[in-house]
Amino acid sequence: MEGIELIRDMIKEKIKKVLEDLGKDYEFKVEIPPENFGDFSSNVAMVGAKHFRRPPREIAMDLIENLKGDEFESIEIAGPGFINFRVSKSLLQKVVRKVLEEKERFGKRDVGKGTRVQFEYASANPTGPLTVAHGRQIVIGDTLVKLYKELGFDVKNEVYLNDAGRQISLLAYSLWVRYNELFGVKNEIPEDGYKGEYLINVAKKLKDEVGDKYKGKWNDEIEEFFKRYAVNEMLNWMKSTFERMGSKFDRYFSEKSLVEDGTVNKIIEYFRRKDLVYEKDGALWFKVSEFIDEDDKVLVRKDGTPTYFMTDIAYHYNKRMRGFEKVYDIWGSDHHGHIPRMKAAMKALGFPDDFLTVVLHQFVTLKKGGKKLRMSTRAGRFITLDELLEEVGRDAARYFFARIDPSKPLDFDIDLAVKQSSDNPVYYVQYAHARISSLFRQAREKKINFIEGENLDLLGDEYERSVMKQLDLFEDILLEAAQYYSPAKLTSYLEELAHVFHIFYTHDTILDNSNFEMSNARLNLSKAVQVVIKKGLNLLGVSAPEKM
RNA sequence: GCGCCCGUAGCUCAAUAGGAUAGAGCAUCGGAUUUCUAAUCCGAGGGCUGUGGGUUCGACUCCCACCGGGCGCGCCA
């Protein structure tokens, strides 16, 4: 039941031991080299040149003498001093066994040791439909949440609703205008109001519920009602979009509640005691400059309302009080200016430096008919996430969002996504999964018995080897994708795994009536691939079909 | 003007904490199926990794300058 270590780690350990025997200890790497250089390779001899004060190739020769063993079919020196390892079949076969034994648990580790962390993403103004930019954020967030769970963290995810502030007043008034239109009462939606058609539908629903109760009437109380009604409608809409995306949040957190429950005032009091705020021009300012080389920022406006900065500090205070040891915020790159002052605020509250990590992603631009579309919620003209899902489907949309590293801008060509959706690499990966399902259906038909875990010792030709090596990488990739906050590492991996499988499938006959043992061995290997692909797609929130 | 991010094949992107001959897919051209799904596989062409310097055994990767694009520099969020 004890799983083996990654082969790479095993090699590294062995080398380390040999170095210790020679009285040396320094950093070096074991990696997967380009083709034709063996299975694994190390730069240990090259890095060691300064430590041994001898030429790399000479060092390599000594090391190789001490490394020889059953695990390796061959160890060779190449190029300027690389040591290339070709590992034994039996070592690779153990990976297959491990995958089959652990199934969907394969890849789980306990690096997190139950550390309580939180991911906040897809946070939005509840003033309109979610955009494709939110879609990108949802996929990045969802995937990281699942990855961190795999790695043994206690993870929660949360959406922050900016349900306070001026934009909500504008939303309420815009809805009121639409509502009155239904009675023939004409009013103008302000320039910076919400002119999208969706508010007409909300207005109709409201009219069905309350009739002409608010026709032509407007006061503070009515404004409150319209705010509550509109925000609730927008929130329900958001939830339905999340559901369409296959996304689920543990909690929706209201910005407004931070004012109402006194958290904001509590923070202000604390800052006052610490002499970190001052009054100027009727507003309350936070001494950002006390912590970093940036200008001070307003916390409370002249009119007494808190700024976004203020409530966000309160929100993060709240997170900390709830017991999260680390929080990750996923923001669009247009928020990057917000990072230093938030960090300063965290410091002011006495939180550890690494309490808050911000994961930034570049924006999504849309292209349609060769033209770039600029999205604007207020103007009411944009492609919504709902529309995108309608056109390309959940799997393709999610995979596409995951596929580009968050640090790169994502250029979403809608025409291409619609027209050539079958070219989307998600199908390439899914197809490998479906193909394997089909293999097992065929095996039953051909009366080829599948015995899990048997005949693995027959695996070892070059196609099988490359599949086994790729399987061995999976655990490492999960860690890497989590560390770099990059689901794209996972999609690249899956495409490569699908690729080596397709090659294996093309060149080796898997179901062979004249050789049941070999058939069973290859079915086992296929099964292992299927388990890993399914798991990988699962982490991305993409389905793994049995048939295509 | 200042700050952050990005620049790799015609297009969309890789390149595993500085490593070997910079790789895939799409597109183009040419092949592969009487047998497990051809949504696949094999092959060909296509590159001064934006430009110029620097660091070292070695640079797409690190440093400096510049060019080009995105974003930010609110009592907006």
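Below, chains carry the letters A, B, ... as their sequence lines are ordered, and counting in each starts from 1.
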A39(B) and C48(B), which share atom name P, separated by this distance in whole Å: 36 Å
Can you confirm if the NZ or CZ of Lys287(A) lies within 45° of the ring axis of Tyr278(A) and under 6.0 Å from the centre of its six-membered ring? no
All N/O contacts under 3.5 Å from nucleotides 59-63 of chain B to the protein, with atom names and distances to one decimal?
none

Cation-pi check, Arg435(A) to Phe501(A): give yes when NZ or CZ is under 6.0 Å from the six-membered ring centre and within 45° of the ring axis, no otherwise. no
With ring centroids as reference points, do His502(A) and Tyr428(A) lie under 6.0 angstrom apart? yes
Quiz item: cation-pi between Lys343(A) and Phe291(A), 6.0 Å / 45°: no
For nucleotides 14-17 of chain B, print each protein N/O atom paired with a nucleotide N/O atom at under 3.5 Å, atom names and distance only.
residue	atom	partner	partner atom	Å
A14(B)	OP1	Asp405(A)	N	3.4
A14(B)	OP2	Lys408(A)	NZ	2.8
A15(B)	OP1	Lys489(A)	NZ	3.1
U16(B)	O2'	Glu480(A)	OE1	3.0
U16(B)	O4	Ile32(A)	O	2.7
A17(B)	OP1	Tyr484(A)	OH	2.6

Using the side-chain heavy atoms of Met46(A), tell me which of these nucleotides is nearest: C36(B), A77(B), G19(B). G19(B)
Any salt bridge (Lys or Arg N to Asp or Glu O under 4.0 Å) pairs touching residues 302-316 of chain A, not counting sequence neighbours? none
Value for CG (Leu144(A)) from CD (Gln483(A)), rounded to nearest 0.5 Å, stands at 12.0 Å
Taking A39(B), A77(B), C42(B) as options, the one with an atom nearest any side-chain atom of Gln167(A) is A77(B)
When rounded to the nearest Å, what value does the distance between C1' atoms of U8(B) and G47(B) take? 8 Å
Atom CG of Leu494(A) to atom P of C13(B): distance rounded to whole Å? 19 Å
Is there a side-chain contact between Glu120(A) and Val327(A), using heavy atoms and a 4.5 Å cut-off? no
Cationic tip of Lys319(A) above Tyr315(A) ring, under 6.0 Å, 45° of axis: yes
Using atom C1' of each nucleotide, how far apart are C60(B) and G23(B) to the nearest Å? 12 Å
Using a cut-off of 4.0 Å on non-hydrogen atoms, how would the nucleic acid contact of Ala434(A) be classed: base, sugar-phosphate, or nothing? base
When the distance from CG of Leu360(A) to C1' of G3(B) is rounded to whole Å, what number comes out? 13 Å
Contact class for Asn84(A) vs. all strands (heavy atom < 4.0 Å): base, sugar-phosphate, or nothing? base
Listing time: all N or O pairs from protein to nucleotides 72-75 of chain B that are below 3.5 Å?
residue	atom	partner	partner atom	Å
C75(B)	O3'	Arg301(A)	NE	3.1
C75(B)	O2	Lys302(A)	N	3.0
C75(B)	N4	Asp281(A)	O	2.7

Work out how far the C1' atom of G18(B) is from that of G54(B), and round it to whole angstrom. 15 Å
Work out how far the P atom of G43(B) is from that of C26(B), and round it to whole angstrom. 14 Å
Scan residues 502-517 of chain A for pairs that pass salt bridge (Lys or Arg N to Asp or Glu O under 4.0 Å), counting only residues two or more places apart or in two chains. Asp508(A)-Arg522(A)
Expected output check: what is the dot-bracket annotation of RNA chain B, where ( ) and [ ] are pairs inside the strand (brackets for crossing ones), | is paired with another strand, and pairs are Watson-Crick or G-U under 3.5 Å? (((((((..((((.....[...)))).(((((.......))))).....(((((..]....))))))))))))....
Atom pair distance, as rounded to whole Å: CG in Asp508(A) and P in U35(B): 18 Å
It should be established whether His499(A) places a side-chain nitrogen or oxygen under 4.0 Å from OP1 or OP2 of nucleotide G25(B). no
